[in-house]
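One structure is given here, and the rest of the page talks about it.
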Protein chains: 2
Amino acid sequence: MIDLDGIDPGLQAGVTALAAEMRAQGYQRSDPVREIPALLGDRWTTLILLVLDIGCWRHAELRRVLGRLGAEGRISQRVLTLKLRTLERDGLVRRLSTADVPPKVSYELNDLGRSLVGESRRLIDWVQGNAARIAAAREAFDRQRTPSALS
Amino acid sequence: MIDLDGIDPGLQAGVTALAAEMRAQGYQRSDPVREIPALLGDRWTTLILLVLDIGCWRHAELRRVLGRLGAEGRISQRVLTLKLRTLERDGLVRRLSTADVPPKVSYELNDLGRSLVGESRRLIDWVQGNAARIAAAREAFDRQRTPSALS
DNA sequence: CAGCATCCTCGGCGATACTG
DNA sequence: CAGTATCGCCGAGGATGCTG
């Protein structure tokens with residue numbers, strides 16, 4: 001079903017297994033792999049989830065705090081609304097609003113969202129734990145590529 | 001240092017703690033949070049790592065296999081080279097080449113790369129495990145937004 | 001075969017102005 | 001205050017052609 005031509009039989013077996021693994025459970029043809037960039041691959045979502053993990057935030061407050069944390073600059077009002085809407089649609093975030101004018105809208109994580117935060121924290125920990133190794137690898141790579149003064 | 005104006009004191013404490021957590025270890029001012037989209041946030045890297053976890057691949061073979069797995073279409077030669085170069089620079093992948101013409105180039109994971117694959121597999125498992133929940137949330141959300149026939 | 005240069009497309013994101 | 005609409009930028013990624 002995957003049709004591998006002149007490829008090492010050992011590797012072929014691995015690919016078949018990987019394909020089966022990817023088709024498992026709820027996903028039939030598409031791969032859950034592509035959900036990962038969709039969930040955490042953008043500039044803001046991971047950080048938003050971390051802040052929401054602290055508690056319940058009003059839209060404007062959340063926006064201010066996101067602007068201070070990290071060196072990302074400020075998130076635009078439009079994009080924050082978009083990100084929160086996506087998170088709400090995916091069932092990770094609850095939106096609470098009053099019918100006042102001006103309206104008061106708050107956002108908080110639900111159980112599924114907290115569960116995802118747990119996973120992404122593991123990734124962050126991995127990055128922190130291996131930051132030195134990665135930085136060293138990058139330096140070595142760049143040094144070799146830049147002859148600089150190799151006289 | 002983060003300067004929070006009219007924000008609930010309880011939340012303020014949480015933000016301060018989060019900021020400290022983000023500054024911890026190797027990262028001094030920048031946040032490891034932004035490394036996550038950089039590492040796994042693009043269309044191909046996660047899938048490339050999974051395939052490299054199977055074994056050692058020639059460039060062209062790898063490209064063919066990536067095209068078959070998932071419903072992403074084929075990766076362009078240029079982008080595959082770019083992604084592999086980045087992974088090599090980050091110290092996750094080893095590049096093996098001969099000086100022949102035409103050249104034979106192979107790529108394989110090293111220990112750090114295998115370690116990252118382990119983490120990303122956890123994320124994939126999370127997505128698979130919660131796929132039904134997410135799909136249900138999306139359906140409910142969309143149904144409510146599309147009045148369809150609400151007469 | 002693998003890499004690089006060039007050109008092009010598309011989507012994410014920011015900025016601004018307006019509305020309930 | 002929160003959301004929407006509009007505009008514009010920029011970078012990721014695809015397609016093609018050439019080289020060692």
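Labels below follow one simple rule: chain letters A, B, ... track the order of the sequence lines, proteins then strands, and each chain is numbered from 1.
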*Leading and trailing nucleotides of DNA chain D with any atom under 4.0 Å from heavy atoms of chain B*: D:dG13 to D:dG20
Heavy-atom donor-acceptor pair, [X] side chain to [Y] backbone, under 3.5 Å:
X: B:Q128; Y: A:E21; answer: yes
X: A:N110; Y: A:G91; answer: yes
X: A:N130; Y: A:R133; answer: no

[Y] reachable from [X] in the ILVMFWY side-chain graph, under 4.5 Å edges:
X: B:L112; Y: B:L87; result: yes
X: A:V117; Y: B:L40; result: yes
X: A:W44; Y: A:L69; result: yes
X: A:L82; Y: A:I48; result: no

Heavy-atom side-chain proximity of [X] to [Y] below 4.5 angstrom:
X: A:T46; Y: A:I124; result: yes
X: A:L39; Y: B:W126; result: yes
X: A:V105; Y: A:R58; result: no
X: A:L84; Y: A:L52; result: yes

*At under 4.0 Å between heavy atoms, which parts of nucleotides 5-13 of chain C does protein reach? Answer with one letter per nucleotide, 5' to 3': B base, S sugar-phosphate only, - none.*
BB------B
_Value rounded to 0.5 Å, distance of CG in A:D53 from CZ in A:R114_ = 7.5 Å
*At under 4.0 Å between heavy atoms, what does A:R63 touch on the DNA or RNA strands: base, sugar-phosphate, or nothing?*
nothing
*Do B:D142 and B:R145 sit within salt-bridge range, that is, some charged N less than 4.0 Å from a carboxylate O?*
no
*Any salt bridge between B:R122 and B:D125, counting N to O under 4.0 Å?*
no
*When the distance from CG of B:L62 to C1' of C:dG3 is rounded to whole Å, what number comes out?*
15 Å
*Axial bend angle, the helix from C:dC1-D:dG20 to C:dG20-D:dC1: five-pair end segments, nearest 10°*: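 That helix has its two terminal axes inclined by roughly 40°.
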*Do any of residues 46-61 of chain B sit with a heavy atom less than 4.0 Å from DNA chain D, and if so which?*
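Result for residues 46-61 of chain B: none.
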*List in numerical order all residues of residues 88-109 of chain B for which some heavy atom is under 4.0 Å away from an atom belonging to DNA chain D.*
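Nucleic-acid contacts, sorted: B:P103.
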*Partner residues of A:R43 under the side-chain hydrogen bond (donor to acceptor under 3.5 Å, both in side chains) criterion, sequence neighbours left out*: A:E72
